[in-house]
Amino acid sequence: MSRVGILLVATAKYRQFLFPLINSLEKHFFKGENVDIYVFTDAPSAIESSRFKITYFEIEHLPFPYPTLYRYKYFNKYAHHLNAENLYYLDVDMVLVGDVGEEILTDAGLVATKHPGFYG
């Protein structure tokens, strides 16, 4: 299997969501596989994982909506450090509640899910 990476943007008050999300990834995301987590943040933390390699990239906190609008700018700036063939962006204020694995790997190159705020 190719290497999988998760991209997260967590600045200011959104840093509080990092631990719950990483916890849920440890339980549900690509069990038994190597996964890299790339966190773009204004305050690199000491959150560690027994399963994942977590790399922090320092970015400036800007008021909403700039962190969302600039996420691809951040990803592009550090692209040479992203060592995964399959990269997935997740909103940091989400958690996984079910298992996710190889079913999301696709030759099409795009995977999406409906935001839970709009579910149903």
Side-chain angles (χ1 to χ4, degrees):
M1 186 187 82
S2 56
R3 193 150 189 97
V4 175
I6 298 289
L7 303 166
L8 305 173
V9 177
T11 63
K13 67 181 182 177
Y14 284 89
R15 289 191 312 267
Q16 69 182 319
F17 299 110
L18 267 177
F19 184 74
L21 175 56
I22 290 172
N23 243 1
S24 74
L25 288 166
E26 286 182 341
K27 292 177 190 170
H28 297 293
F29 194 76
F30 279 84
K31 293 179 178 182
E33 300 294 337
N34 291 324
V35 176
D36 296 325
I37 297 178
Y38 303 102
V39 180
F40 298 82
T41 183
D42 57 335
S45 74
I47 293 176
E48 294 183 13
S49 169
S50 59
R51 256 193 76 210
F52 305 130
K53 176 185 174 198
I54 302 176
T55 303
Y56 292 93
F57 300 107
E58 194 158 355
I59 61 172
E60 176 186 6
H61 170 69
L62 298 170
F64 181 82
Y66 293 103
T68 295
L69 295 175
Y70 287 177
R71 66 180 168 227
Y72 297 109
K73 177 181 172 179
Y74 305 142
F75 302 161
N76 189 52
K77 178 178 179 180
Y78 294 102
H80 59 285
H81 293 288
L82 308 177
N83 297 319
E85 291 85 18
N86 294 281
L87 291 168
Y88 297 94
Y89 168 78
L90 298 175
D91 284 346
V92 75
D93 59 349
M94 306 300 242
V95 294
L96 275 67
V97 296
D99 292 345
V100 176
E102 291 187 22
E103 71 276 2
I104 67 169
L105 299 177
T106 174
D107 291 334
L110 296 174
V111 175
T113 186
K114 189 178 276 194
H115 190 287
F118 299 100
Y119 181 77

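Closest non-hydrogen pair, E26 versus R51, comes out as O-NH1, 2.8 Å. Residues D42 and A10 come closest through the heavy atom pair OD1-O, 3.8 Å. Contact between R3 and A84 at its shortest, heavy atoms only, is O-CB, 3.6 Å. Considering all non-hydrogen atoms of both residues, H28 and G98 come closest at CB-O, 3.2 Å. Of all heavy-atom pairs between F30 and V35, the closest is CB-CG2, 3.9 Å.
In this structure, the side chain of D36 does not engage the main chain of L82 through any donor-acceptor pair within 3.5 Å. The main-chain N or O of K13 is found under 3.5 Å from a side-chain atom of Q16 such that the two form a donor-acceptor pair. A donor-acceptor pair under 3.5 Å is formed between the side chain of Y38 and the backbone N or O of N83. Under a 3.5 Å cut-off, the side chain of Y89 and the backbone N or O of R71 do not form any donor-acceptor pair.
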Inset, instruction - Give the intermediate values and the outcome of side chain to side chain contact (heavy atoms under 4.5 Å, CB included) for residues M94 and F17. - result: CA-CA 8 Å; M94 306 300 242; F17 299 110; over 6 Å; no
Legend entry - Pair L21-I6, side chain to side chain contact (heavy atoms under 4.5 Å, CB included): steps then yes or no: CA-CA 11 Å; L21 175 56; I6 298 289; 5.8 Å; no
Inset, instruction - Tell me, with the steps shown, if V92 and L18 meet side chain to side chain contact (heavy atoms under 4.5 Å, CB included). - result: CA-CA 6 Å; V92 75; L18 267 177; 3.9 Å; yes
Inset, instruction - Give the C-alpha distance, both sets of side-chain angles, the deciding distance and a yes or no for side chain to side chain contact (heavy atoms under 4.5 Å, CB included) between Y56 and T41. - result: CA-CA 7 Å; Y56 292 93; T41 183; 3.9 Å; yes
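One hydrophobic cluster holds both I54 and Y88 under the rule that ILVMFWY side chains link at heavy-atom gaps under 4.5 Å. Note on Y72 and Y66: same hydrophobic cluster, where clusters join Ile, Leu, Val, Met, Phe, Trp and Tyr whose side-chain heavy atoms are under 4.5 Å apart, directly or indirectly. Under a hydrophobic clustering in which Ile, Leu, Val, Met, Phe, Trp and Tyr are joined whenever their side-chain heavy atoms come within less than 4.5 Å, directly or via other members, Y74 and I37 fall into different clusters. Residues L87 and L25 do not share a hydrophobic cluster, defined by chaining ILVMFWY side chains whose heavy atoms lie under 4.5 Å apart. Each of V39 and I59 belongs to its own hydrophobic cluster when Ile, Leu, Val, Met, Phe, Trp and Tyr are linked at side-chain heavy-atom distances under 4.5 angstrom.
If you take CG on L7 and CZ on F57, they are separated by 9.0 Å, rounding to the nearest 0.5 Å. Distance check, rounded to the nearest 0.5 Å: OG1 of T68 to CG of L62 gives 11.0 Å. Atoms CG and OH, from N76 and Y70 in turn, are 14.5 Å apart once rounded to the nearest 0.5 Å.
Shown here is F19, whose CZ atom has no more than 12 heavy atoms of other residues, nucleotides or ligands within 6.0 Å.
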